Structures are given as C-alpha cells and as structure tokens.
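Read through the structure below, which is laid out as structure tokens, and then see the notes.
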Amino acid sequence: MNRGGSSPSAAANYLLCTNCRKVLRKDKRVRVSQPLTRGPSAFIPEKEVVQANTVDERTNFLVEEYSTSGRLDNITQVMSLHTQYLESFLRSQFYMLRMDGPLPLPDRHYIAIMAAARHQCSYLINMHVDEFLKTGGIAEWLNGLEYVPQRLKNLNEINKLLAHRPWLITKEHIQKLVKTGENNWSLPELVHAVVLLTHYHALASFVFGSGINPERDPEISNGFRLISVNNFCVCDLANDNNIENASLAGSNFGIVDSLTELEALMERMKRLQEDREDEDASQEEMTTRFEKEKKESLFVVSGDTFHSFPHSDFEDDMIITSDVSRYIEDPGFGYEDFARRGEEHLPTFRAQDYTWENHGFSLVNRLYSDIGHLLDEKFRMVYNLTYNTMATHEDVDTTMLRRALFNYVHCMFGIRYDDYDYGEVNQLLERSLKVYIKTVTCYPERTTKRMYDSYWRQFKHSEKVHVNLLLMEARMQAELLYALRAITRHLT
Amino acid sequence: MEKMSRVTTALGGSTLMGRTMHCHLDAPANAISVCRDAAQVVVAGRSIFKIYAIEEEQFVEKLNLRVGRKPSLNLSCADVVWHQMDENLLATAATNGVVVTWNLGRPSRNKQDQLFTEHKRTVNKVCFHPTEAHVLLSGSQDGFMKCFDLRRKDSVSTFSGQSESVRDVQFSIRDYFTFASTFENGNVQLWDIRRPDRCERMFTAHNGPVFCCDWHPEDRGWLATGGRDKMVKVWDMTTHRAKEMHCVQTIASVARVKWRPECRHHLATCSMMVDHNIYVWDVRRPFVPAAMFEEHRDVTTGIAWRHPHDPSFLLSGSKDSTLCQHLFRDASQPVERANPEGLCYGLFGDLAFAAKESLVAAESGRKPYAGDRRHPIFFKRKLDPAEPFAGLASSTLSVFETEPGGGSMSWFVDTAEHYALAGRPLAELCDHNARVARELGRNQVAQTWTMLRIIYCSPGLVPSTNLNHSVGKGSSCGLPLMNSFSLKDMAPGLGSETRLDRSKGDTRSDTVLLESSATLVTNEDNEETEGSDVPADYLLGDVEGEEDELYLLDPEHTQSEEPEYVLPQEAFPLRHEIVDTPPGPEHLQDKADSPHVSGSEADVASLAPMDSFSLLSVSHALYDSRLPPDFFSTLVRDMLHFYAEQGDVQMAVSVLIVVGERVRKDIDEQTQEHWYTSYIDLLQRFRLWNVSNEVVKLSTSRAISCLNQASTTLHVNCSHCKRPMSSRGWVCDRCHRCASMCAVCHHVVKGLFVWCQGCSHGGHLQHIMKWLEGSSHCPAGCGHLCEYS
C-alpha cells in the first residue's frame, strides 16, 4: 500500500464511481489525486477517531483481551467511539472465533471469508485469510471454493441467501444440510456457522458503511491476500466536505441548509412524541403504511441511477471481483427488494410470531451454548445505547430515532412489527438517510463517501458510527431470525 | 375415591364429564381462557378469535368474534382472558398495543366493546381482577402496566416498571390490592393497585426474561414464575424477603405456568420453543414431571385448567392449530417409565445400588445369598408422613464394598501405560504389546497379540526365530494351565457335569457348522446356566471357586482376580481344551488337509485365542496356504467383540487402534464409538489422562476425535496480582508483567514451565533439567536445594 506519492497505483486501489468514470472517459487525461484521509476510516477524519482513542484505555484493554489478531485494527478503532458497545461486540466475536464451539478454528475463519466475500469485502477477507493460516488452515483452500471440502461448499447456498435474500430460506435448505450423509452438518455446527455468516455479513455492512481503510501494514506474507480494494471513489475521498461534490454527482440530493434540517428533525420527533394519541390512524392505514414503506424502499436506491449499472459494465470491476469470487458461487445473486417479490408468495415476517427474545435466543443457546447470552447483550446494548444527544443538542430522547432505524432495516427484509407505526419512519428518516441505510444493509459494497456525508450533516461522526452499528445489528438480527425460524421449522 | 367425591361437591353436584379430545382450529393459537362455567373456552391468535363449547365428546364452535371484512390488527391477539365473575366479559391484548374488551351480551354481531389504545408497544398480557367486575390490568412491551376501569374511557392508573417489557401481570387471588408483574430483565415486581408511584417490592427471579407467573389459588403469597432460563420457581412472598421455596428445572424455556387446582404442590407448564409437551410437576419432585401430555405437534401456547376446583381437566391451545382437552388419567407418567433401580460400579469394584425401599426389603428377605460377605451400607431417606405420593422419594442406597486387594485394577493401569499403540511397524507393536501382557501375566492377551502379528504381518517379514519364540512361550504357558487347574474339582460342586457334556456337543456341532465364534458359544453357555442358582457369569468367570463373591459379576474382576492363571477368563475354552486335546491332532490334521477354507476359520474362532498348541498348528497351516490377511478379518472382528463383551474393552480398543484400517471397516461405527467411549471413560477414572488423550487422538471416529477439541483452554492466574490472565499465558494484562521468567536464561517462559515447589523458582523445562544435572541448588540463587523428579 504505497501511500506516499500520488502514484496511479494507489489510486487504482480505489474504485471509480460512475460519475468519475464518465468524466474520465470524456477526457482521457487521468489525473487522480491521492486520498486525503488516513487513519482507520476513509469517511471519518483521523483526528476524530484517534483523539478518542488516546484517552481510552478501556479500548486497549479490550483489544488485548478479546482481539484475535492481538492488534488494534481499524474496525475496533472506529467502534471504540462507543466503548460500551465495543466490549460486547468483541466479546461475542471472540467467543464465536476462539472459544468452545462445534467448528474447528480454521473452518470458522473460512466461513468468515465466505461471508465477507459475498459483499466483496476485501478488508475482512484479508484479515481472516491471515487468521485462517495462523490457526492452521490448509492454504490450498484459499485458492477458492473448488478446493474446500464439499461440506463447507454446501454452506454456499445459505450463505448466498442469508446475505442477500434471507426471507427465501426454508426448512428444506436446513434439511439438505443436516440430512445424514457423508457431508452432513450437525445442528450445533450449523448454528455456529449461521451465527458466523450473519455476523460477517453484518460486519461487512459496517466496514463499508464506515469506510474502514485497509490495515496499514499489510505484511504480504502469503499469496492469498487480495489487493485491498475500497469501493470509495477517489472523488469522494478527495473532498472532505463534499457539498460541492453533490453538484458534481448531479444527483438529486437537495442541498438543504443543514441546520434547519436538524431543527426540523427535532421538531418532528417532538411532535410525534406528543401527538401520538391524537393521531388516531386506523388499522388499515397502519398496514398500508408498512406496505408503503416497504415499496418505497424499492425506489430508494434505484432512484440513484448512477448505482444501477450492472457490474459487467466495467472492466475494473471484473478484475477485482474475480479475486474475491473464488470464495463465492453465483456472484450475480444480489439483494432483491422484498416488496418486489409480491406479498402473495411471501408472507411478511411477523416479528411478534418469532422474536429474538422469545424464540431465537432459546434456540441458539440450546444448540450453541452461551452465544445466545452474548448476542442478546449485544443487541440490547446497541438498541439502548444513547448519550441523549443529537448533534449539538443535549438531553434528547433518541429512542424513537433508534427504533425507526432498527425497524426500517427489518422492514427492508420484510419483517414487520405490529406495534410500530411505519409512518414514523417516513417522518424521521430523510431520503438521503434512507438511501444510505438501504445501500449499507443491502449492497454495502456500493457505499460511497458521498452517501455517508449527505445525510445528517450536522451530526457528529460518532453519531453516524452509532447509526452504522444499529444498521449492522439490525441486519444481523434479521438474518438470524430468518435462519433460526427455518431451523425451528425443521425441528418441528 | 375420596377425591372424586370431593370434586363433585366442589362443583356443586354436577361432575364435569369429558374425555381426551382435540379439535382443529383454522390458525395457530396464542392464548386460551376458560369461562367461569367451565363449559366454554375462548381461543385467540393472530388470525383466530373463537369461542368453543366443550361438550362431552367434542368441541363445538359457538362464536367467531373475528368479524368484519378487513381483519384489523386489533384482532391479532397476543393474549385473551375471560372474566371469572362475568360470563359475558372478555378482554384481549393485541400485538399492536391495543387492549380490547368484548361483551358477549351485545345484540349485534360485533361484540367489541371498548378499545384502549394507550400502550405504545405490543401488549403481552391482560388480567381481570378476580373479584372486582370492572378492573382490568394490562402489561406491555413498552414497560408500562395500566389499570383500566371498564366504566371509564381511559386508564385509571399507570405503573412504570422502570425497565423494558412487561411479560406477565397477575392479580393476587388472596390479596385484594396486590398484583405481580414479571419483566424481560428477570425481575418480578409486586405492586399495590392504589400506589402507582412505585412498586412494593422487587426482586430478581430469573436469569433472562420471566415469561410468566401464577399465584397459588390457596396458599396465600405463593407465586410461581417461569423463565427463559428453563426454570420454574416457587416464591413465598409472605416473608420479609421473597424466598425461593422450590425450583423445577425443565428442558426448555417456560412460557406458561398454571397451578393445578386442588393439588397443593402441582403446577402445569408448557414451553415456548422446541419442546411441545405440557408437563405437570410436583414442585417437591423437581426432576421428573408427575404427568406429561404429548398431544401437540408444535409448541403449546396456552394452557388452562378447565374448572378452578377440578384437577383432572386441562385445556390447551397450540401453534399446530389444535385445541385440546387433556384428561389427567390419560396423561403419560414419566415416573412410571423411569428405571426405579440404579446400579453403579466404583473404580475399585465397589458397587452401589439404589432402589425403591419396598423392593429392596422384599428382595433381601428372599435371596439366600444376600448378606454374608458383602458389606452393605444402607442410607435411608426419612419419609415425609404427609407425602401423598406413594412412590415418592422412598429409596434406599446400598453400597457393597469389595474386599481390599481383591479388586486391584493395577493390571489395567499398567497395561494402559505400557501398551504401544502407534508409531512403529505393526509387527513391533504387536510384539511389544504381547510382551507387556505377558509380563503382567495375562497370557491369553499376549497370545492374541502374537496371533495378530502372525495374521497381519506378511510371513516373509516374520523371522523364524520369532516363530520359535512364540512356540516356546506357548508351551510354557500351556503347562501351568494343565497342572494347576482341574476342572473336575469344580464341576461336581457346581453340578455342571451334564452341562459340560452338552457344551462339548455344541462345540462339535459348531466345528461342523463352521460358523460359530467363541462369543457365540459363550452365549449359549450362558443360556444354559440360567436355570441354576448360581449366577451364570460366576461359572464362566470364576475359576478359583469362591462361591459367594457377588461382585464377580463384574467381568473386569474376573480378570483381575486370577492374574497368575493362564487362561482364566472363559470356562468354555478350558473345557474345550481338556475335552478336545486328545483327539486334537487328528482333528487339526483334518482341517489342514481339508480344502475347505472356512474350516480353519471356524477352528481358529473357537480355539485360537486360548489354545497355544492348536494355534501353532493353525498358523503353520496358514503359512502353507498363504491366505490373505483379509481372510481373517471376520475372525479378528469376533475376537474384538469377544473381548469387549467380556469387559476387557481395553483390549478391544488397543487392537482396533494398532491394527487400524485392516479391521476397522468390519466393525460398525457405533460399536467402535461405544468401545472408545467406555475405554476413555475408564482411563479417565484412573486419571490416565495422557493415555486417554492418546487414544482420543488415534481414534478415527469423528465423534471421538472431537472430544479433545472441546474445553482446551487452560486458565492461568498471574503470580503477582493473582488475577486470571485471560489473553496470553505469560503476560498479565493488569499488572503488565511477565508472569513466569526462567531462572536460568531469564527469558519469559511461553511453553512448559517447571518450578520447584519448595522455593517456587523455575523456568524452561529443558533449562532446569540441565541445570540440576550440574547443581543441586536453585538456579535463582535462593539457596534452596531443589529436587527434580
């Protein structure tokens, strides 16, 4: 990773967004400036993260305690903006990677690689390639899926579904895996694998959502490391404050005065909180609101046309994906909007019928002891985490906002809460934020700095990281719920 | 009988009638509730809300409360309750947070009465006051409980649990103003309905959510709670602090709990996940449910006793869309199926035996051999005279000790330690193991090893000297056997003369049939001895003739008892030898000449492991015909089974490991696994951890080899701050010091650390060993005279 000069090689490590491509195609003079951001994240100025770090001894302690690699990686650094959460995150991650569990250590890392590969997250892949080799994995496996035992290869199907369309998982998939035979999975093994898969899908969301930079000292010790690739376009990175950038993108982000934006949001929250009783929406109304939100999520991203180019359009993309694609099959399989599937075929997942607290926890804990408690703590932690601040304002009850974020993610995966008024989502989450949420949870690899910057401009970076944590955990829970429901159905 | 009449009176003269029955609902049920008259039940779920009449033979749908064209979410019920004072009054809790009351007396089709939309989240539970007609209580996911007066439009008071999610609320049956609420964080709170500002009492009842609670119908202040931690606890609330009185451990999270009417200590539970059965527990007997209903195919979501004074009818609704009535007399009773006796061997042959007291008393009176040389120790539990259960907790435990020295298992330990299982060519391993066995005086085993070598190592590799060697050994083994042992001494005493003859006949026919194995014959023998007074195994096992050694039932002992004898284990082969030796040569000659190959197989099966003479002849025959080793696999398999059957699982496993692939495929996985686990278990009981680990490592069965992949963590405490060192074994996270320095090289020891227990200095194993070769003082210079052993 040559970060010294503005050499083209450094630039080549970043994807070019469509707009830049267009520009580049027009005039062939390639002039790409070197990314300005250093530090753990490409989105967050280094000083924001590092400042917090030097103060925090707790983080260092946690890293020593729970980090598998024994170093303070970039993810941890960014997460350390929320130390409380970091602890439960690291503890559960450490537990699933290193502590008692039905799967052998190298397999766990390989599953992590498979999961990260679904989102082409080279950061996580590199990290786990190292760990995989360190724990005594067979190097040959890293040549791709054709080299791994059939048993692991069989995980592909649920990996694919979980990552992109978890609602398609049925008990038949589970049955196929656990059916007695040479390559069968035992239920505890399967649950362990599912927990790992969901964890790393969600973590990939976080990595892209927070623009985690590649580790600084890649120490290319083995030939299996991928060229670290970020999907952040240079034009994103080159401009720290990208309001001008929006015009370059020519997108439809309106440039609202960010201050009034914040005020308006606060105002709306207040109104929602106070006027709840008055606003007596009928039940049909509530149902349609959910459907509306679900449907609207359809257009949220496809509206931004510059992202809807198919991968094959770009030669560069092909090169990059070919590296990653040795860990995946069917690379074209991606998120498809839940709403588009049509309600006739796929009933909405009623959250009250299969909740994490009542059902998921018991099943997970039964088959893979203690992970339930750790995940439970993590979900609880992220849901309840608050500093009662919003940007410059203090003493704000953000419960509503957190719930809206969490439920909006679940909504995109077709999970509906009966006791939630989805009208709130519409009022609290502005369009640019919805775009961001959808991208991060459904196609994290397409996240750009522009998206990250375009919402909640007044908010602190730590607050945006908090949003990312919420999105990540909500996504993990959604995937887990679908997988565990399928397992439960298989059991009954 | 007495109880029956009581029930009748309690019900005011009209006995409830009915049978175990079920009816299909259109949709999964979430909750059920019974009407006061015990003749109707309401079922509520996400897309069902119906009232059924309970008739004698069937359920009859009486009313569908789910009316209207577009089903509203208000009808998606999480809970339902029927007022116990007013037959027309029902309340439901909707998943969208609405509390709805229903008045069956309304003339219109829509019976919906009132709608309370005060909760922000799902309402988990609604509860009517047991005696007050208009008071309704609700508990919601938003952490609030609300008390409604049905005569008013909105709530009378709101109680804040100061935490997330109320899971259950229940009015106390005895105390007019009290209600209990349970929370997702494991707490239980007690409230006074008049004081909404704060709770009267709060305590943590469970680890994780408390899903349900139920007040005892008679005992004031008894509260049963059930939680996700798979426990049901009974609390006494009358004392100053809530006291846990009973705790029942179930196998899955507890979704509902309901006290059984008229039975003070009984309660019914059902679970939220995985387990579909309904259990009725006697809380004083927390390990085995008193009764079990197994009708449902999916999780049971609601249970209710049909009548508050009738203990025999239980109603239940389930996710499998059925409504059931269970009759207590049709319940399956796990207690009945449980094994009433327990038997366990101690490591050194002590035998513990637990059984129902009545059973033991009767047995010991009848059996003539009970007593004399055993040393029974009796433990007896005091009986509670008020115990209503006949079979409850009246058991005795007897321990029979072996005579000191008699049960020595030293041969097992020695064998385990000295056997070589891998790492050398097969021939060497066999030789080595044969030597080990011979040194311990286990000549039969030694012979088996020699045999194995002969079978599996190609003849070219076996030097002739070795062969001679084994001949010599064989004959020397044979001699003491002939001399020291006389079957006739024993036979008349046992009255087994006839049997002997018969078994001889058996053997003959076996050799003719050419398919019997030693084990098979043994079994036949066993059957034959069944009629006699003496235990069968005694005959087979005990050569010394100690008639009343009861513990000889243990096959391991039979071996340990007579280390000095050559062929002690089986009665049959001995007889066989004695009887058959005279005609032996011709017999064998026959075999050798016979072109029929399987002839020698059967011969070896019955003779080989024991008879050194015939063994020799056979092996010669082998060399001549050059049979492939595969040919013997069935034989070896039978041999392994023979040993395992006999109790010498050590031999079976050792051979399995040493011979490996050659024989593994002939024995089914499960048997192998079973052998491995028993052997490993034995090794661990003898604390032979190294050997047991080696066995685990060498095993090919996946279930076994994963044994040493679990709990591989070794926890170390820092020597300075005495806190556990969690991340690395050599550096403490808290005091940032390296815990163990080598006294010789002054580097951190990251692997094996050895230290002197006298002065607690130490270091790298290699360094210390080297140091102590040259000096006897501590390398740290403390002046202590360290010893290294």
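When reading the values below, keep in mind they use all heavy atoms of this one structure, side chains included, and skip hydrogens, waters and symmetry mates. Computed from a predicted structure; not experimentally measured. The chains referred to below are lettered A, B, ... by the order of the sequence lines, with proteins before strands, and numbering in each begins at 1.
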Rounded to the nearest 0.5 Å, how far apart are CZ of Arg416(A) and OG1 of Thr95(B)? 8.5 Å
Would you say Tyr417(A) and Gln141(B) make side-chain contact, with heavy atoms under 4.5 Å? no
Give, as side chain, backbone, both or neither, the part of Asp320(B) having an atom under 4.5 angstrom from any heavy atom of chain A. neither
Using non-hydrogen atoms and a 4.5 Å limit, figure out which bit of Ala252(B) sits close to chain A: side chain, backbone, both or neither. both
Pairwise distance CD(Glu357(A)) to OG(Ser253(B)) - rounded to 0.5 angstrom: 12.5 Å
If you count every heavy atom of other residues, nucleotides or ligands that lies below 6.0 Å from Gln84(A) atom CD, does the total exceed 12? no
Heavy-atom check, side chain of Arg167(B) versus side chain of Asn358(A), under 4.5 Å: yes
With a 4.5 angstrom heavy-atom cut-off, which part of Asp376(A) approaches chain B: side chain, backbone, both or neither? side chain
Gap separating the CG atom of Asp353(A) from the CG atom of Asn30(B), nearest 0.5 angstrom: 6.5 Å
Who passes side chain to side chain donor-acceptor pair (under 3.5 Å) against Trp102(B), sequence neighbours left out? Thr92(B)
Could you report the tightest heavy-atom contact between Thr122(B) and Asp419(A), atom names first, then the distance? N-OD2, 2.6 Å
Counting heavy atoms not belonging to His22(B), are there more than 12 under 6.0 Å from its NE2? no
Whether Arg228(B) side chain and His359(A) backbone form a donor-acceptor pair below 3.5 Å: no
Could you tell me whether Gln150(A) atom CD has more than 12 heavy atoms of other residues or ligands within 6.0 Å of it? yes
The side chain to side chain donor-acceptor pair (under 3.5 Å) partners of Arg151(A) (sequence neighbours excluded) come to Glu189(A)
Reported OG-to-CG distance for the pair Ser362(A) and Asp229(B), which is rounded to 0.5 angstrom: 10.0 Å
Side chain, backbone, both or neither: which part of Arg380(A) has an atom under 4.5 Å from a heavy atom of chain B? side chain
When you compare the side chain of Met273(B) with that of Thr488(A), does any pair of heavy atoms fall below 4.5 Å? yes
Determine, step by step, whether Asp418(A) and Arg46(B) satisfy the salt bridge (charged side-chain N to carboxylate O under 4.0 Å, His left out) criterion, reporting the C-alpha distance in whole Å, the side-chain angles of both residues, the deciding distance to 0.1 Å, and the verdict. CA-CA 11 Å; Asp418(A) 285 348; Arg46(B) 173 168 289 284; 2.8 Å; yes
Any side-chain heavy-atom pair from Val274(B) and Leu363(A) closer than 4.5 angstrom? yes
